[in-house]
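So the structure is just underneath, and the comments pick up after that.
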Amino acid sequence: MYQHTRSDKFILFINKILLGGIVIIVLFPLIYVLLSSVLEPNVLVKKGLSISGSDWTLEGYKRIFEDGTIVKGFINSILYSVGFTLITVSVCIIAGYSLSAEGLVGRKFIMVFFLITMFFNGGLIPTYMVVKGLGMLNTIWAIILPNAINVWFIILARTYFKSIPNELKEAARIDGASELRIFLNIVFPLSKPIIFVIALYAFIAQWNSYFDAMIYLEDRNLYPLQLVLRSILIQNEIQPGMIADQQAAAELQRISEMIKYSSIVLASLPLIIMYPFFQKYFEKGVMVGSLK
């Protein structure tokens, strides 16, 4: 059994301190927001964080579910993110597998063509005109389709598929299996790590996105959660002098603070729930898919 030297133990000790510090830095904002979402704003201002049950309230969450706007945005975001993830994973996995095949005609040209699109694009106005010309404005497709093909995901998938031994595919071909059967029965079951990595990246990217919705959507019933939160956190700030009744202004500010923190917790919940299930595939998929 390997015995750590003094220098090894010292380095491990320093690493533990650094990692512990990073964990604290990451956890503190999460704990602060979570506790703030169930604390009376007045208590938060006067006493700071409190773990006393008498200072807690669920009024922020109650108002969120009573209003319906944030709940509708949450449902829209789930729909957009799941749809975007399914399309992105399907297209990128198929494209990556095709580009990993040695016998594909024009493979190098296609890869160069894809790589060019990573650095150059038409810009916002031409993209808007294309979306408008296709009749996708103010529809779910304007959110899902324009960014569904991600060249970086295709490169990750292509590199991962190239790491799968060719002997498996050759043996299947000798047995008379078609390329589709090889992909579905042999390659696909071995590709769970890269599929989960791409799915996680795609879901997070779409879940956090609000700019496309702000550009392409007019119907507020189609707004995703992030755009609803933007309206709450940025556009609805109470300015001094806007309300004459100071008591009403104070109450409005109190309610606004509770809704802000509760909305942030609600928006973060799906990602926090998802990551533990994807984590076991994440490291393997990223490492193998990123090797050149």
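This chain uses plain numbering: 1 for the first residue, then up along the sequence.
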Are the side chain of [X] and the backbone of [Y] linked by a donor-acceptor contact shorter than 3.5 Å?
| X | Y | answer |
| --- | --- | --- |
| Ser100 | Arg158 | no |
| Thr88 | Thr85 | no |
| Asn138 | Leu217 | no |
| Asp175 | Ala177 | no |
| Ser178 | Arg181 | yes |
| Gln226 | Trp207 | yes |

Please give me the minimum heavy-atom distance between [X] and [Y], naming the atom from each residue.
| X | Y | result |
| --- | --- | --- |
| Phe119 | Leu115 | CD1-O, 3.2 Å |
| Phe84 | Ile144 | CD1-O, 3.3 Å |
| Ala157 | Cys92 | CB-O, 3.8 Å |
| Gly135 | Thr139 | O-CG2, 4.3 Å |
| Ile182 | Ala172 | CG1-CB, 3.8 Å |
| Pro146 | Val131 | CG-CG2, 4.1 Å |

So how far is it from [X] [atom1] to [Y] [atom2], rounded to the nearest 0.5 Å?
| X | Y | atom1 | atom2 | result |
| --- | --- | --- | --- | --- |
| Asn15 | Leu12 | CG | CG | 6.0 Å |
| Gln206 | Ile87 | CD | CD1 | 10.0 Å |
| Leu30 | Ser268 | CG | OG | 7.5 Å |
| Asn76 | Ile143 | CG | CD1 | 10.0 Å |
| Ile70 | Leu266 | CD1 | CG | 7.0 Å |
| Phe113 | Thr117 | CZ | OG1 | 7.0 Å |

**Message:** Under the criterion side-chain contact (heavy atoms from CB on, under 4.5 Å), I'd like the reasoning laid out for Phe114 against Leu99: C-alpha separation, chi angles, the key distance, then a yes or no.
**Reply:** CA-CA 11 Å; Phe114 280 174; Leu99 290 170; 3.9 Å; yes

Any non-hydrogen side-chain atom of [X] less than 4.5 Å from a side-chain atom of [Y]?
| X | Y | answer |
| --- | --- | --- |
| Tyr223 | Leu229 | no |
| Asn147 | Asp212 | yes |
| Ile164 | Ser191 | yes |
| Leu225 | Lys72 | no |
| Ile195 | Ile93 | yes |

**Message:** Using the rule given for side-chain contact (heavy atoms from CB on, under 4.5 Å), can you reason through Phe211 versus Leu227, listing the C-alpha separation, both sets of side-chain angles and the distance that settles it, and then say yes or no?
**Reply:** CA-CA 8 Å; Phe211 185 75; Leu227 196 53; over 6 Å; no

Co-membership, hydrophobic cluster, residues [X] and [Y], 4.5 Å side-chain:
| X | Y | result |
| --- | --- | --- |
| Trp141 | Leu124 | yes |
| Ile17 | Ile11 | no |
| Leu18 | Phe10 | yes |
| Leu180 | Ile174 | no |
| Ile186 | Ile94 | no |

**Request:** Start with the C-alpha gap between Val197 and Phe153, add the side-chain angles, then the distance that decides, and say whether side-chain contact (heavy atoms from CB on, under 4.5 Å) holds.
**Result:** CA-CA 9 Å; Val197 166; Phe153 293 164; over 6 Å; no

[X] atom [atom1]: more than 12 heavy-atom contacts under 6.0 Å:
| X | atom1 | value |
| --- | --- | --- |
| Ile14 | CD1 | yes |
| Lys169 | NZ | yes |
| Ile149 | CD1 | no |
| Met214 | CE | yes |

**Message:** Can you classify the ring geometry of Tyr97 versus Phe183 as parallel (below 30°), tilted (30 to 60°) or perpendicular (above 60°)?
**Reply:** tilted

**Request:** Quick one: sort the Tyr216 and Tyr128 rings into parallel, tilted or perpendicular, breaks at 30° and 60°.
**Result:** parallel

**Request:** Walk me through it: do Met111 and Ile155 pass the test side-chain contact (heavy atoms from CB on, under 4.5 Å)?
**Result:** CA-CA 9 Å; Met111 278 305 304; Ile155 294 173; 4.1 Å; yes

**Message:** I'd like to know if Arg107 pairs up with Glu102 as an ion pair, taking the criterion as any Lys NZ or Arg NE/NH1/NH2 lying under 4.0 Å from an Asp or Glu carboxylate oxygen.
**Reply:** yes

